[in-house]
Amino acid sequence: MSQNFENMKRRYMQGWRTWQNESVLSHVHMPEGMGIRLYLKDYTRKQIAENTFFGCSDVAPIGFVPNDDPNVCFMRPGANAYDGSYTDVTLTWGKNRMRVQTALDGDDLILLAEPLKQPLRPSCLIISGVVLWDREGSVERKGECLYLNMPSGTTPVYMTAAHTGEKHTHCQAPCLTALLDKAIGISTGKKRTIAEIKTLIAQGRAKWEAHKARYGDWAEAYSAMQTVLSWNTVYAPDIDAPVTPVSRLWSHNFTGSYVLFCWDTYFAAMMLAFDNKELAYSNAITVTNSLTPAGFVPSMNGPDGYRSYDRSQPPVGSMACLWIYNRHKDKWFLRKVYDSLVSWNQWWMEHRLTKNGLLTWGSDPFETVNGFSMEKGVANTKRGATFESGLDNMPMYDGAVFDPETHRLLFDDVGLTGLYIHDCRCLAEIARILDENEKAEMLEKRAAEIEQRLEALWSEKDGLYLNRHTDTNAFGHSLSIVHFHALFSSLAKGERAERMIHEHLLNPEEFWGQYIIPVSSRNDPASKDNHYWRGRIWGPTNFLIYMALLEHGKTELCRELAIKSRDLLMKEWLELGHIHENYDAGDGTGCTLGSDRYYHWGALLSLIGLLENEKGNV
């Protein structure tokens, strides 16, 4: 099975892609790890646009309104085909606006840079060679040609404009330079005319548009999901694998290379599995096998031993891996992740049970490894425990007490318990597929036992399963979308499910409305904060409610959820090219504090409808 994974990675990591996290204007050929990177020099202010990716810390985040400030630079992404056959991105910087499109001609990269807006003196386009990730190779310029000297051979890089020999470029590698006063074509392998390059670009674009059009009324929903995943896919050199972090900005701010958050990456793998098995497998396997010595999948992990050794995140791994298997049917994939999923499932039982036998969140003390701020600051604290929930500042945790002796919240958590029941059942199904029948029976028994314990949290008066503070035995009445994770329990079917759905989920004073579904109840005073997990709408919670409703055969409700989720995403996708981390539950906008503008799990709002579209339900 290890060889299956290695062979799969080798097949996928071939040719030109936007593999480098630091810049979406870099195109790198794999497996050599060499390529070109574009820069733009503005003569009117003598500054250079570089490190240009969506939301880089030293430029404005994606989607800001263009203005004449030379320090404001943002990228608006267009297409980015998984196979690299077409990409499209527009850079806006001060008085500059440049569109960059690429296509492939066999193993040759074709690039077209077009000025859409220019300052008084046209800016200079800089084409620099790059050798990345400690690869063998070199770059040299001879006359008007750049040469990428790779172990597999030398690849020439040509451009259609005359080389100006600009000396002040800030580039530390050989480069070609040209005035961007007209469209400039760049090609590898052989010299091509601007007309030939435009023809190849048009062919690449037509192929992409035809692919997108297959989804009919859901074409833009598909495009939003596919492009945010593809643009955020980068190469992780330490593990020699393609990975899909939540955004390039988060990777830049955390490690500079990549960072994988636990449940975020599982959701990314599910979206990728919609039509890219290789990237789905790579992400799911990478995050699952990032197990800490304690035996759990960490909340975050990256290069250089970067891990959250104190905490995990919501247990959605078995759900994701089973779903991916059911879509692509490669048993070796399940075998690759199975042992780690079993270890993680057992860890919850050993480290996160309350005195009532239900699940709660925690954060364990540990020896600091690298001294990252996220290592030192939150271990064995309430903040670390709420970080484990993935729900950070959710108001239902405001009054919860953290016990530093047990390293857990004194809190019977409905949401976590419901997800854990689902994890047990999904993992049991995986075990049966792999002929691990004894393990499957144990997991099914475990799920049934916890379902029985969960019944103690049912409130007949409220028509809902409620959280319970184990220090006082009092129920918590701050309602959250994760209360509906109790729908994953087989004992919540029938009348109880109907009450939960009709009295609460569909109640416009609590969770329903034009824009859905807020993570905290609309009538909770804390929802007025409208910040992060207080009152906002999140793609992953909508998706988990969708998965729970499927368990109850709620076809019409799934249809309505799919359409409303799609419409919420389209509001800013069509206008600004945004896929937000979270959205305002009042007006459906995303551009507010605490919402990354190009964060992949926002596209789960598309996946719901794309899956319903496959079934003919929308």
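- For the residue pair Asp423/Ser318, the side-chain donor-acceptor check at 3.5 Å is satisfied.
- Taking the six-membered ring where the residue is Trp, the centroids of Tyr532 and Trp538 are separated by under 6.0 Å.
- For the side-chain hydrogen bond (donor to acceptor under 3.5 Å, both in side chains) with Ser247, the qualifying choice from Asp264, Asp596, Asn232 is Asp596, the only one to do so.
- The shortest side-chain heavy-atom distance between Ile517 and Leu561 falls under the 4.5 Å cut-off.
- Taking all atoms of both residues into account, the shortest heavy-atom contact from Arg522 to Ser527 is O-CB, 4.3 Å.
- Side-chain atoms of Thr90 and Arg99 include no donor-acceptor pair closer than 3.5 Å.
- The cationic group of Arg566 lies under 6.0 Å from the six-membered ring centre of Trp218 and within 45° of the ring axis, placing it in a cation-pi geometry.
- Between the side chain of Asp105 and the main chain of Asp108, no donor-acceptor pair closer than 3.5 Å is present.
- Glu22 and Arg248 are not joined by a salt bridge, as no carboxylate oxygen comes within less than 4.0 angstrom of a charged side-chain nitrogen.
- Looking at Ser480, its side chain does come within 3.5 Å of a backbone N or O of Val519 through a donor-acceptor pair.
- Here the straight-line distance linking atom CD1 of Ile537 with atom CG of Asn582 works out to 9.5 Å at 0.5 Å rounding.
- Under the 3.5 Å distance criterion, the side-chain polar atoms of Asn393 are matched with a main-chain donor or acceptor of His531.
- Annotation: Lys207, atom NZ; neighbour count of heavy atoms from other residues, nucleotides and ligands within 6.0 Å does not exceed 12.
- For Tyr235 and Trp133, the ring centers are positioned less than 6.0 Å apart.
- Residues Phe261 and Trp263 keep their aromatic ring centres 6.0 Å or farther apart.
- No hydrogens or angles considered: a donor-acceptor pair under 3.5 Å links the side chains of Tyr546 and Glu612.
- Ring geometry, His328 versus Tyr281: the interplanar angle exceeds 60°, so the pair is classed perpendicular (tilted spans 30 to 60°).
- Contact of the Val297 side chain with the Val287 side chain is registered, since non-hydrogen atoms from C-beta on lie closer than 4.5 Å.
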Query - Trace of the side-chain contact (heavy atoms from CB on, under 4.5 Å) decision for Ser520 with Met394 - result: CA-CA 7 Å; Ser520 57; Met394 183 73 83; 4.2 Å; yes
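- The main-chain N or O of Thr386 is found under 3.5 Å from a side-chain atom of Ser389 such that the two form a donor-acceptor pair.
- With a 4.5 Å cut-off on side-chain heavy atoms, Leu229 and Tyr82 count as touching.
- Panel note: side chain Thr589, backbone Cys591; no donor-acceptor pair is recorded below 3.5 Å.
- Judged by the 6.0 Å and 45° rule, Arg17 forms a cation-pi pair with Tyr12.
- Among all heavy-atom pairs drawn from Asp107 and Gly15, the shortest one is OD1-CA, 4.1 Å.
- In this structure, Asp587 places its CG atom where more than 12 heavy-atom neighbours from other residues, nucleotides or ligands lie under 6.0 Å away.
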Report task. Quick one: do Met570 and Trp573 satisfy side-chain contact (heavy atoms from CB on, under 4.5 Å)? Show the steps, please. Result -> CA-CA 5 Å; Met570 290 298 103; Trp573 165 253; 3.6 Å; yes
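- A donor-acceptor contact under 3.5 angstrom links the side chains of Tyr266 and Thr288, judged on distance only.
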